[in-house]
Amino acid sequence: MASRLGTQLGEWRATTAVAQSLADRIRMLLLDGRITAGERLPSERALAAELGRSRATIARAYELLEAGGYVQRTHGSGTRAALPAQRIHRPEAADEGVIDLTIASVGSTPGLHAATVRALDRLAGLLGTPGYSLDGLLPLRERIAARYAERGLPTDPGQIVVTSGAMHAMTVVLAAFGERGRAAVVEQPSFPHALDALRRTGHRLVPTPVSPGEGWDASHLVDTLRAQRPALAYLIADFHNPTGATMPELARARLAAVARTTGTLLVVDETCAELDIDRGWTPKPFAAHGPALLIGSMSKIAWGGMRIGWIRASREQLPQLLAARPSIDLGSPLLEQCIAVELLDDLDALLARASARLRAGRQAVADGLAAHLPGVPMPEVPGGLAAWIDLGGPWSTSLSLAARDRGLLLPPGPRFSSSGVLDRFARIPITWEPEVTAEAMRRLGDAWRALHAGELPDSTRLAASAVV
Ligand SMILES: Cc1ncc(COP(=O)(O)O)c(C=O)c1O
């Protein structure tokens, strides 16, 4: 049986400096969160057999990792992955000149300061109250519900629970409806932290493919639901992160109908749903087609720093959500909710500003690809956060390592997969200012050329990082 490490190594191949290359790859998996600190790694003999390499090569790779503090070997308990905490260099955006493409999010919307000042008056009216609100401020829930109605899904404010961002919404949803030990269908690729949240709550992830041009393979998705009868399916149906694809209405309707028969709860992440550049059509939210829990957020239209999101549930689902929440937290901050109210009062302006910034970012990525990575095509990106680039071969992790040497943080494609595949792809955000993107693409081109010239990246300065 394939080991978890073997699976995560996916399409890794090397013909020269094999031990060093393998050690680099394992270190990357570890720092990237795909192998966890403390996890037991296969024995030298087992890994050698699995990868078709000599035992001496594997022993050398483990030695290199041990020298760097990335594995611990103890007699009797084998080889375990480790993190050399004090030695890890954490390149952050704050580090001199580092560009962080692990983040796909625009900076705060220009109206945020003014909205915050206006929100103070609204907050003043709440100061005498206890301040705890499990489902959120009514004026905010009213505005969120009104937007669903505009998008074709009549919604009562009582069906909304305000949360502290979409990831927190996911935590609450999984606390209420997660089923440890059961299958959860996820897109491949998908948003890494949602995959981690599903894993952490004991779900067995079952992938279904999504690609930029073609989107979902509807038959695969339906067949998987029927075959696995999963407890949950986690979907990003609009401007999917990272591919930018949107699921057609017909596919939504069909999927909702099948999910009903297989008893699968559809959890649809709408964090990116309003990030339209030029899609040319607007589908109804998933719950218009059948039962689905919707998750939304202010993070991408206003600011990630606000930490405001929400869940839209059916009236039947609501009590379970509200019962699960208090063991996690007792409500979201009121000032941020007041700011969200102010911003949603002029949603059109908010969305227009986000759209303009994404359009400029998309152009900068397309220009950068043409100039610095000729032959790597720009995919269709009608909206969303990123371009999902097909590198034409399994080079994403190596490219990511080489990019780090040049002050560019780029999450490797497999970070977006539930099973360590997708090394042919890289996600490039379209959210950064065009000047930053232009410099990032120049560095990426430099890394690309070095890689193709056969240079080995210096992976000693790797660091773990979040991907948003
Ligand atoms: C699909 C998706 N869900 C959730 C999030 C996180 O959202 P929040 O900041 O509201 O927790 C992101 C951020 O990139 C995302 O792309």
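For ligands, and for the atoms within them, numbers begin at 1 and follow the listed sequence.
Checking Arg312, Glu270, Met170 one by one against Ile295, the side chain to side chain contact (heavy atoms under 4.5 Å, CB included) holds for a single residue, Met170. None of Val341, Asp156, Ile160 except one satisfies the side chain to side chain contact (heavy atoms under 4.5 Å, CB included) rule with Arg141; the exception is Ile160.
Asp329 and His168 are linked by a side-chain donor-acceptor pair at a separation below 3.5 angstrom, with hydrogens and angles left out of the test. For the 3.5 Å distance criterion, the side chains of Thr397 and Asp423 qualify, holding a donor opposite an acceptor.
Trp388 and Phe425 have parallel rings, their planes meeting at less than 30° on a 0 to 90° scale where 60° marks the start of perpendicular.
A search for ring-ring contact (aromatic ring centres under 6.0 Å, His included) contacts involving Trp216 returns His240, not counting sequence neighbours.
Sorted by chain then number, the residues whose non-hydrogen atoms approach ligand 1 to under 4.0 Å are Gly165, Ala166, Met167, Phe191, Ile236, Asn241, Asp269, Thr271, Cys272, Ser297, Ser299, Lys300, Arg307, Leu385, Val468.
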